Student: 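One structure follows; several queries about it will come next.
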Amino acid sequence: MAACLCPLSEMHSIRTVLEKQYDLDDGGQENPTTRPESNGSNPNSPSTSAASVMVMRKKVERIFPVYARGGLSPRSDPVGYSGLSLGDKIWDSVRLEAKCEAENEPILSSFLYASILSHDCLERALGFIIANRLQNNTLLETQLMDIFCDVLVQNRGIKRAIRLDLQAFKERDPSCLSYCSALLYLKGYHSLQTHRVAHALWNQGRKVLALALQSRVSEVFGIDIHPAAKIGEGILLDHGTGLVIGETAVIGDRVSLMQGVTLGGSGKVTGDRHPKVGEGALIGASVTVLGNIKIGEGAMIASGSLVLKDIPQHR
């Protein structure tokens, strides 16, 4: 299996660049808040309190690591923001893994060629894979592939997000063997990328088509995400079965959602009525969060919880 993975030096370079970006602010200088220093001051002082918060944040990130960070420029994006094969390390890794798998399992060689190796970029491969999974008698594979590829290839924000999401699945899901396996088989990843396309269509005013994609995802994968919901980058939908995300929900970057999570409304209000989830939050299996409430950055919610009030940061 190790032979199927991309070279260790390439994998290391991806994470190294992302970690450097995380540690630098917009001015290119080290962010002092990421490395608090102990100066022996009063433990009740504001500086000591801030240091304690950062220590807690570091502990949280060791349990729930940060693998994606906003703010990368197109020229320096280590995961191939341009979507081109040249310099796109995620796509290069996917192709290398697919070639190895085709050699190890010849019975899958045609499937791997059609799904990955025959395409010139990650966007077109992803469009082909999702179109094949969602097609039916009225939504044809060719029609769906045209829709997906048109959005995925043209939308620079989505080009970036699909790679950061793929990294999130590979790095944060222990059962994910490779980038290739996440791209080919994980319905949480497929549902998330279909939502990104549907969200783009929704914002273009093509709401009926966006709702049609939402309906197909719900039928095929058992995951129901309203196309108006706003979802950040580096997202993990682990398993995904039974996941429900409402129309006005907002999810920050690097969030992990387990199966059976509901981000719904309370039924008592209209308008902005769904939860807002902060960056780096982890929401366990079968958690129900109702109403326009805030889940703080880095918060962890235990499986089976019913959340009706705001959750502070790093709780």
Side-chain angles (χ1 to χ4, degrees), residues 115 126-152 155 158 161-162 165-166 168-169 173 182-233 235-251 255-267 270 272-277 283-292 303-304 306-307:
S115 301
L126 177 60
F128 176 86
I129 292 166
I130 299 177
N132 271 275
R133 298 204 69 178
L134 296 182
Q135 66 171 321
N136 63 11
N137 291 333
T138 54
L139 284 174
L140 303 181
E141 173 196 348
T142 53
Q143 295 173 325
L144 288 172
M145 188 170 177
D146 286 343
I147 294 168
F148 291 138
C149 288
D150 182 57
V151 175
L152 293 170
N155 191 307
I158 294 179
I162 64 176
D165 293 339
L166 202 58
F169 276 78
D173 182 356
L183 176 63
L184 288 172
Y185 308 122
L186 297 189
K187 67 179 182 179
Y189 183 75
H190 297 161
S191 301
L192 179 58
Q193 307 322 318
T194 305
H195 165 75
R196 296 196 185 283
V197 173
H199 183 68
L201 295 172
W202 182 273
N203 290 336
Q204 293 171 10
R206 303 173 70 182
K207 295 185 176 182
V208 174
L209 179 55
L211 291 170
L213 293 179
Q214 175 198 4
S215 177
R216 281 301 293 159
V217 169
S218 179
E219 292 173 12
V220 175
F221 300 131
I223 298 172
D224 194 351
I225 308 174
H226 195 283
K230 299 177 182 179
I231 300 180
E233 303 172 333
I235 304 299
L236 170 65
L237 305 184
D238 196 2
H239 301 292
T241 303
L243 178 71
V244 177
I245 301 176
E247 178 182 9
T248 61
V250 178
I251 298 174
V255 170
S256 288
L257 303 172
M258 305 297 110
Q259 69 272 17
V261 169
T262 296
L263 303 180
S266 65
T270 59
D272 192 359
R273 60 195 183 279
H274 295 106
K276 311 297 182 283
V277 182
I283 302 182
S286 301
V287 169
T288 300
V289 187
L290 299 179
N292 185 12
S303 298
L306 172 62
V307 182

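The first residue in the sequence is number 1, and the count goes up from there. Predicted model, so just to flag it, every value in this text is computed and none were measured.
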Student: Closest approach of His190 and Leu183, non-hydrogen atoms and distance?
Tutor: NE2-O, 2.6 Å
Student: Could you verify whether a donor N or O on one side chain and an acceptor N or O on the other, from Gln259 and Asp238, lie under 3.5 Å apart?
Tutor: no
Student: I need the Thr262 OG1 to Leu243 CG distance, nearest 0.5 Å.
Tutor: 7.5 Å
Student: Does any non-hydrogen side-chain atom of Leu237 lie less than 4.5 Å from one of Ile225?
Tutor: yes
Student: Does the side chain of Leu213 reach to within under 4.5 Å of the side chain of Leu144, using non-hydrogen atoms?
Tutor: yes
Student: Answer whether the closest heavy-atom distance between the side chains of Leu166 and Ile162 falls below 4.5 Å.
Tutor: no
Student: Please tell me if the side chains of Asp173 and Tyr189 come closer than 4.5 Å, counting only heavy atoms from C-beta onward.
Tutor: no
Student: How far apart are the closest heavy atoms of Ala200 and Val151, and which atoms are they?
Tutor: CB-CG1, 3.8 Å
Student: So, for Ser256 and Met258, which heavy atoms are closest and what is the spacing to 0.1 Å?
Tutor: CB-CE, 3.9 Å
Student: Using a 3.5 Å distance criterion without hydrogens, assess whether the side chain of His199 forms a donor-acceptor pair with backbone atoms of Pro227.
Tutor: yes
Student: Pick one: which of Ile223, Ile251, Val287 meets side-chain contact (heavy atoms from CB on, under 4.5 Å) with Leu257?
Tutor: Ile251
Student: I need the Ser115 OG to Ile129 CD1 distance, nearest 0.5 Å.
Tutor: 5.0 Å
Student: Under a 3.5 Å distance rule, please check whether Thr248 uses its side chain to pair with a backbone N or O of His274 as donor and acceptor.
Tutor: yes
Student: Between Glu141 and Asn132, which heavy-atom pair has the shortest distance, and what is it?
Tutor: OE2-ND2, 3.2 Å
Student: Using a 4.5 Å cut-off on heavy atoms from C-beta on, say whether the side chain of Lys276 contacts that of Val250.
Tutor: yes
Student: As an exercise, state the distance from CG of Leu140 to OG1 of Thr138, rounded to the nearest 0.5 Å.
Tutor: 7.5 Å
Student: Using every non-hydrogen atom in the two residues, find where Ile235 and Phe169 come nearest and quote the distance to one decimal.
Tutor: O-CE1, 3.4 Å
Student: Restricting to non-hydrogen atoms, name the atom on Gly246 and the atom on Ala229 that form the minimum distance, rounded to 0.1 Å.
Tutor: O-CB, 3.4 Å
Student: Short question: side chain of Arg216, backbone of Leu134 - any donor-acceptor pair under 3.5 Å?
Tutor: yes
Student: To the nearest 0.5 angstrom, please state how far the NE2 atom of His195 sits from the CG atom of Leu201.
Tutor: 11.0 Å
Student: Is the His226 ring parallel, tilted or perpendicular to the Trp202 ring (thresholds 30°, 60°)?
Tutor: perpendicular
Student: Atom CG in Leu192, atom CZ in Arg196: separation rounded to 0.5 Å?
Tutor: 4.5 Å
Student: Quick one, Thr241 and Lys187 - any side-chain contact, counting heavy atoms below 4.5 Å?
Tutor: yes
Student: For the residue pair Ile130 and Val197, establish whether any side-chain heavy-atom pair is separated by less than 4.5 Å.
Tutor: no
Student: Do Met145 and Gln135 come within less than 4.5 Å of each other through their side chains, counting heavy atoms only?
Tutor: no
Student: For atom CZ of Arg206, decide whether the heavy atoms of other residues, nucleotides or ligands shown that lie under 6.0 angstrom number more than 12.
Tutor: no
